[in-house]
Amino acid sequence: MSENRGLFTLDAAQAYLAAEPEMAVEKLSDRLYTISDGQVRTIFLEGDSSVIAFDTFGTPGRARAYGKAVAAAVPGKAIGTIIYSHDHLDHAGFAADLAADAEVIADELCAKVIKLRSTQGQTQPTRVLVGERHELNIDGVDLVLLNPGPTHGSGNLAAYFLEEKTFFSSDTILASAKYGFMPDYHFANFVKYMRGFLELDWDRFIPGRFEVCDRASFERGVNFIEAVMTACQHAFVNFVPIWAYEPMKGFCIEQLGESFGDLEGFEGHVGQMAIRIVHHYLMGGWGLEDTPEPSVLLADEIRL
Ligand SMILES: [Zn+2]
């Protein structure tokens, strides 16, 4: 069998693409569930007659395992809606293998990237959201989707559930230091937008990876990223060779170890984080996403 292959070109990738891992499902309320393959995490909701699934996981096999886990948790209701948290293939690359006929909802920018990328297995969104805040009712489920501006990836939609006092934001904050390599993070406004989410009333945070955590852990995760950004600027001031891994790792451990050394993965990841973040200051950011007014990204230059 030939799997949808994302961007892989090697036939040898088929074994990776086909593998179906164990999925761990946790029911958080009458309608809200979270699911993880041990690394990536997302959520799904039970509607009146269907399931609303966020994301797809990152291979066809994982998408199928997700679908089977949803069917076991909510028997008799098919996935009618998929919401992409952002464009990245490791989260949202395989709707074709999860539920080929589902309505697919995504932010405008996410939809544009997906259209132009045309990756095998990543279904084009059928319903595009434009703007910062959306209050939706999908099959009897009320939910709020938020995109304050570029945070990670393209068109990142966070989800807020007032009833459960729960907040979901993929690939942004963790309760640990385990993001390390941070491509496609838009640091110019990242901390500001994350702190904005703290203005909402919630006490449970569901990240795009690893474990569910509380509000205090989210806040500390934001503080940690801000502290690494500060330490990276100090590295320039101190003429640390900012392009070299070992000196940057050592400098950051020295600067941040006392305050954040207890975070899981700190010593193993802070050096990689720093190498990425110094390039924010060296290069000026990722592109339009890291300008003071990134809403220019939504100028209508690509038609859907
Ligand atoms: Zn991502």
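Predicted model, so just to flag it, every value in this text is computed and none were measured.
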In plain terms, say whether Arg62 and Asp55 are close enough for a salt bridge, that is, a side-chain N and a carboxylate O under 4.0 Å apart.
no
Value rounded to 0.5 Å, distance of NE2 in His269 from CZ in Phe181
12.0 Å
Verify the cluster assignment for Val278 and Met229: are they in a single hydrophobic cluster under the rule of side-chain heavy atoms below 4.5 Å apart?
yes
Could you give the side-chain donor-acceptor pairs of residues 254-261 under 3.5 Å, partners two or more places apart or in another chain?
none

Within a strict 4.5 Å, meaning less than it, do heavy atoms of the Tyr66 and Asp97 side chains meet?
no
Looking only at heavy atoms, which two atoms of Leu98 and Ala53 are closest? And how far apart?
CD2-CB, 4.4 Å
Closest non-hydrogen atom pair between Lys249 and Val270, with its separation:
O-CG1, 4.5 Å
So, does Thr166 use its side chain to make a donor-acceptor pair with the main chain of Leu162 at under 3.5 Å?
no
Distance from His91 atom NE2 to Asp171 atom CG, nearest 0.5 Å?
3.0 Å
Ile83: which other cluster members, linking ILVMFWY side chains closer than 4.5 Å, directly or transitively?
Leu28, Leu32, Ile43, Leu45, Ile52, Phe54, Ile105, Leu129, Leu136, Ile138, Val141, Leu143, Leu145, Leu157, Phe161, Phe168, Ile206, Val212
Given the options Phe197, Phe167, Tyr160, Trp202 meets ring-ring contact (aromatic ring centres under 6.0 Å, His included) only with Phe167
Would you check, one step at a time, whether the test salt bridge (Lys or Arg N to Asp or Glu O under 4.0 Å) holds for Asp214 with Arg204?
CA-CA 5 Å; Asp214 61 12; Arg204 181 201 283 132; over 6 Å; no
Side chain to side chain, Val144 and Arg133, heavy atoms closer than 4.5 Å
yes
Report the C-alpha separation of Asn223 and Phe218 in whole Å, then their side-chain angles, then the decisive distance to 0.1 Å, and conclude whether the side chain to side chain contact (heavy atoms under 4.5 Å, CB included) test is met.
CA-CA 9 Å; Asn223 292 343; Phe218 175 94; over 6 Å; no
Quick one: pull up CD1 in Ile35 and CD in Glu26 and give me the separation to the nearest 0.5 Å.
11.5 Å
Return the set of residues passing side chain to side chain contact (heavy atoms under 4.5 Å, CB included) with Ser176 (not counting sequence neighbours), or none when no residue passes.
Leu174, Lys178, Glu264
Can you say whether the rings of Phe187 and Tyr185 are parallel (under 30°), tilted (30 to 60°) or perpendicular (over 60°)?
parallel
What closest approach, in Å, do Ala244 and Pro247 show between heavy atoms, and which atom pair accounts for it?
O-CD, 3.4 Å
Same hydrophobic cluster for Met182 and Ile253, using side-chain heavy-atom links shorter than 4.5 Å among ILVMFWY?
yes
Between Glu219 and Arg215, does at least one N-O distance fall below 4.0 Å, as a salt bridge requires?
no
Holding to side chain to side chain contact (heavy atoms under 4.5 Å, CB included), I want the full list of residues that pass it with Ser49, two or more places apart in sequence or in another chain.
Asp139
Closest heavy-atom contact between Arg276 and Trp286?
NH2-CE3, 3.7 Å
Is a donor on one side and an acceptor on the other found under 3.5 Å between the side chain of Asn137 and the backbone of Gly140?
yes
What pairs with Arg220 under salt bridge (Lys or Arg N to Asp or Glu O under 4.0 Å), at least two apart in sequence or on another chain?
Asp262
Using the salt bridge (Lys or Arg N to Asp or Glu O under 4.0 Å) criterion, which residues pair with Arg31? Sequence neighbours excluded.
Glu164
Atom pair OG1 (Thr42) and CE (Met23), whose distance is rounded to the nearest 0.5 Å
9.5 Å
Where the side chain of Asn147 meets the backbone of Gly149, is there a donor-acceptor pair that is under 3.5 Å apart?
yes
On a heavy-atom basis, which atom in Ala96 and which in Thr123 lie closest, and how many Å separate them?
N-OG1, 3.2 Å
Interatomic distance, OG@Ser169 vs NE2@His152, rounded to 0.5 Å, equals 9.5 Å
Distance in Å, Glu211 CD paired with Ser36 OG, rounded so as to fall on 0.5 Å steps:
6.5 Å
Salt-bridged, Arg5 to Glu3, with N to O below 4.0 Å?
no
Would His86 and Ser170 count as a side chain to side chain contact (heavy atoms under 4.5 Å, CB included) if you check the C-alpha gap in whole Å, the side-chain angles of each, and the deciding distance to 0.1 Å?
CA-CA 8 Å; His86 61 300; Ser170 186; 3.4 Å; yes
Heavy atoms only: give me the nearest Val40-Asp90 pair and the separation to one decimal.
CG2-O, 4.0 Å
Under a 4.0 Å threshold between the charged nitrogen and the carboxylate oxygen, would Arg117 count as salt-bridged to Asp87?
yes
Joint hydrophobic cluster, Tyr193 plus Leu200, side-chain heavy atoms closer than 4.5 Å:
no
Candidate pair His186 and His280, rule side-chain hydrogen bond (donor to acceptor under 3.5 Å, both in side chains), full reasoning
CA-CA 9 Å; His186 312 302; His280 174 74; over 6 Å; no
